[in-house]
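All chains are named by letter (A, B, ...) in the order of the sequence lines, taking the proteins before the strands, and each is independently numbered beginning at 1. Fair warning: this is a prediction, and the values are worked out from it, not measured in the lab.
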Amino acid sequence: MLGVCMSDEVKSYDIMVCRHSLSHVLACAVRRVCPNVKLGIGPPIDEGFYYDFLVPEGSSFTPEILEKIEKEMTQIIKGKHDYIARPISPKEAREIFKDEPFKIQLIDELEEKQNAVVGTYQTENFIDLCNGPHVSNTKDLQKVAWKIDRVSGAYWKGHEKNPMMQRIYVLAFSTKDELKSFIQRREEAAKRDHRKLGPELELFTFSDLIGKGMPILLPKGATIRRLLERLVVDEELKRGYQHVYTPVLGKKTLYEISGHWEHYKDGMYPLMHLSENDEIVLRPMTCPHHFMIYKDTPKSYRDLPLRIAEISPQFRKELSGELCGLTRVMLFTLADAHIFCAPEQLEDEFKRVLELISFLMKRLGIDSLVSYRASLKDDQKKDKYVDNPEMWKTGESILLGILEKLQLPYTKGLGDAAFYGPKLDIQMTNVYGKEETVFTVQIDFALPGRFNLLYIDKDGKEKCPVVVHRSSIGCLERTIAFLVEFYAGAFPLWLSPVQAKVIAITENQIEYAKEIAELLNSKMIRVETDLRSETLNKKIREGRLQRVPYLVVVGEKEKEARSVTVRNRETGEQRTLSLEQFIERISKENADYSLKLEI
RNA sequence: GCUAACGUAGCUCAAUGGCAGAGCAGCUGAUUUGUAAUCAGCAGGUUGUGGGUUCAACUCCCACCGUUAGCUCCA
């Protein structure tokens, strides 16, 4: 219908209109199949659309009902009904939607905004509150490939206090191929999902008895964590950080002073009453502890910047529905630090932090995947933040100023600030496209004052330092989850829990294989052996499923020549080289943090 | 936390109120293999937990635990 040179924008506009129009068809069908539901809203989204319904208590959209709804939708589309736009007065709208409490609420809101007319669209005998745009007739929807996807709950208008509605998600694309490929991509993504790969590759597990949201790192997952920890500690030491160990507990008072108790109580585990007047709590953040280190001795401007770092467990009480594999847990390990500096040092310190993070991201091979978000305060939600407008203004303008200077492309996240200050969040998306914060750098003008942190400046006057709260390599559990998903379990050599697996073809090479493994192990190469009397093919297959970078096959030839035949995980190519050569090359590749297999 | 769905052997899945099963993994034996699954045998279960209904419950009901999708929240 449109020209052959349809631009992507036109195309996407087109499909968004179809999605929107289809949502009316869905609502109409639901109304026919389940007359008792109340209608919410039904906007188009990236992969289709949804519509919210309030269903009578005790009933739900079962697979059978959804099937009926789907058939009904097909019938409605076939009926070739026109979409008729009809702007009406609020009064008339109230009459038409008198049995639809949610629509009435929307009409009220429109009227409050002084809209004299309310948009409606009628399709056959179904009328919905809507400004369009829509296709002109349901026959235009016949070409659209759509499918009811899933049902979930959603609060009316997204507010926790509002009633919980049932949301029906429908996938809708311009062509069958697009729909098919979307579903296929989602299935492929599920295979890389760290929650599936993690246990499969024996990286981590959970135990009902230990508790939800408390991940257990198995030896292979622990290996990855240890590698990340060593890397980050070394790089921080090189950059002037000092590492400390502080208790995972603290008195309630500590968090009352910091403001956590006021602003973050819901995210904290319940208090432990040791005795009267002695209440302690598991820490949700390390900042107050590090502040105590600052306060331990008087500080001069000469001591600044003071960079205190710690890889530290954090305890955050989450609602059960918010937990997700390793990315959202109730006990996690943060590569944390607090940089105490003079205001004039802030910009430089901020940049140094970004340099460190960017260095680490390159090591991990994820530097091109991240996006930057300036997380600012939302003025509408005053009680979420420390009340100090002046300080917020300064903090936010400094943050944005630095970002502009560095020419980092960023988005603004209104309401995403920490309670004590604005932050730069470095975001990554998971396999399903959901965005999460992996690293964060925060500017804090508030907490130092609350703890009365001071330093004596050159002029002999007492001044209050600024604090940069930052994670370098983020929360280790979450970072590992992203790495698992990004690499689909096939980590670069330096991060692989098992770097080489020695496979003996027959039992005649068992001794030689063991010797190789011992040698590699003595050179700090992580190695396993497969000496079973299985076929070579089977041992290769299992080695591949484990994503071992190098499978080292030794048969009679290799044993005679004291050589190895190395199979490269990426290329599948085999290369025979002397044992010494192999050890030299794999050791070098490991030491170089190479992101690519080089043998 | 809320709404909904789900929970059977280590894993993937059967068994729709009437004797809990298969493949892979595991163990034992045979086999001694040249780059993605050798063959045979054995073993493996209080069907997430606890109640209830029933002559009989994996199956129906209730509560709890956990998982998943989303909402809310968030590193």
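- In this structure, the CG atom of A/Asp530 is 12 Å from the P atom of B/U38, given to the nearest Å.
- In this structure, the side chains of A/Glu534 and A/Arg541 stay at 4.5 Å or more apart for every pair of heavy atoms.
- Residue contacts shown for A/Glu200 are absent, as no nucleic acid heavy atom lies under 4.0 Å away.
- Among the protein residues, A/Glu556 comes within range of the nucleic acid bases, having at least one heavy atom under 4.0 Å from a base atom.
- Looking at A/Glu318 and A/Lys212, no side-chain N of the basic residue comes within less than 4.0 Å of a carboxylate O on the acidic one, giving no salt bridge.
- No donor-acceptor pair under 3.5 Å is formed between the side chain of A/Asp425 and the backbone N or O of A/Thr440.
- Counting to the nearest Å, the P atom of B/C65 and the CG atom of A/Asp208 are 11 Å from each other.
- Taking the charged nitrogens against the carboxylate oxygens, A/Asp378 and A/Lys384 have no contact shorter than 4.0 Å, which rules out a salt bridge.
- Rounded to an integer number of Å, the gap from A/Asn568 CG to B/A36 P is 14 Å.
- B/G26 and B/C61 have their C1' atoms separated by 38 Å, with the value rounded to a whole Å.
- One interatomic measurement links the two molecules: CD of A/Glu64 to C1' of B/A4, which rounds to 14 Å at whole-angstrom precision.
- Mapping A/Phe206 and A/Thr535 onto RNA chain B via the closest heavy atom, the residue that lands nearer the 5' end is A/Thr535.
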Heavy atoms under 4.0 Å is the rule here; annotate nucleotides 68-75 of chain B 5' to 3' with B where the base is hit, S where only the sugar-phosphate is, and - elsewhere.
-> SBBBBBBB

Dot-bracket line, read 5' to 3' along RNA chain B, where crossing pairs take [ ] and | marks a partner on another strand, Watson-Crick or G-U under 3.5 Å = (((((((..((((....[..)))).(((((.......))))).....(((((..]....))))))))))))....

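- Remark: the separation of the C1' atoms in B/G44 and B/C11 is 13 Å, to the nearest Å.
- At a threshold of 4.5 Å between non-hydrogen side-chain atoms, the residues A/Phe61 and A/Ile69 count as touching.
- Nucleotides B/G17 and B/A56 place their C1' atoms 8 Å apart, quoted to the nearest Å.
- Side-chain to base pairing of A/Thr506 with B/U33: no donor and acceptor N or O lie closer than 3.5 Å to each other.
- In this structure, A/Leu66 atom CG and B/A5 atom C1' are separated by 11 Å, rounded to whole Å.
- Between the P atom of B/G1 and the CG atom of A/Asp266 lies a distance of 13 Å, rounded to the nearest Å.
- Within 4.0 Å of A/Thr62, counting heavy atoms only, lies no atom of the nucleic acid at all.
- Distances shorter than 4.0 Å separate some side-chain N or O of A/Lys212 from OP1 or OP2 on B/G1.
- Checked against B/U35, B/U32, B/A25, the side chain of A/Glu507 finds its nearest nucleotide in B/U32.
- A distance of about 30 Å separates the C1' atoms of B/G18 and B/C65, rounded to the whole Å.
- Under a 3.5 Å cut-off, the side chain of A/Arg478 and the backbone N or O of A/Thr437 do form a donor-acceptor pair.
- Mapping A/Pro63 and A/Val566 onto RNA chain B via the closest heavy atom, the residue that lands nearer the 5' end is A/Pro63.
- For A/Ser60, a side-chain nitrogen or oxygen approaches OP1 or OP2 of B/A5 to under 4.0 Å.
- Rounded to whole Å, the separation between the P atoms of B/C6 and B/C13 comes to 15 Å.
- Computed from coordinates, the A/Lys501 NZ to B/U35 P distance equals 18 Å when rounded to whole Å.
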Enumerate, atom names and distances included, each donor-acceptor pair closer than 3.5 Å involving a side-chain atom of residues 146-156 of chain A, sequence neighbours excluded.
residue: A/Asp149; atom: OD1; partner: A/Arg186; partner atom: NH2; Å: 2.8
residue: A/Asp149; atom: OD2; partner: A/Arg186; partner atom: NH1; Å: 3.0
residue: A/Trp156; atom: NE1; partner: A/Gln105; partner atom: OE1; Å: 3.0

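- Within the 3.5 Å criterion, the main-chain N or O of A/Asn508 finds a donor-acceptor partner in the side chain of A/Lys559.
- Between A/Phe315 and A/Tyr269, the ring planes lie perpendicular to each other; the angle is over 60°, past the 30° to 60° tilted range.
- Straight-line distance between the P atoms of B/A14 and B/A63: roughly 27 Å, to the nearest whole Å.
- For the pair A/Glu188 and A/Lys191, the salt-bridge criterion is met [side-chain N within less than 4.0 Å of a carboxylate O].
- Rounded to a whole angstrom, the distance from the P atom of B/U53 to that of B/U67 is 31 Å.
- Between A/Asn537 and B/U35 there is no side-chain polar atom (N or O) within less than 4.0 angstrom of OP1 or OP2.
- Rounding to whole angstrom units, CG of residue A/Leu536 and P of B/U32 are separated by 15 Å.
- A/Lys539 has no side-chain polar atom (N or O) that falls below the 4.0 Å cut-off from OP1 or OP2 of B/U32.
- Between A/Glu542 and A/Arg532, at least one side-chain N (NZ, or NE/NH1/NH2) sits under 4.0 Å from a carboxylate O, which counts as a salt bridge.
- Only the P atoms considered, B/U68 is 23 Å distant from B/C60, to the nearest whole Å.
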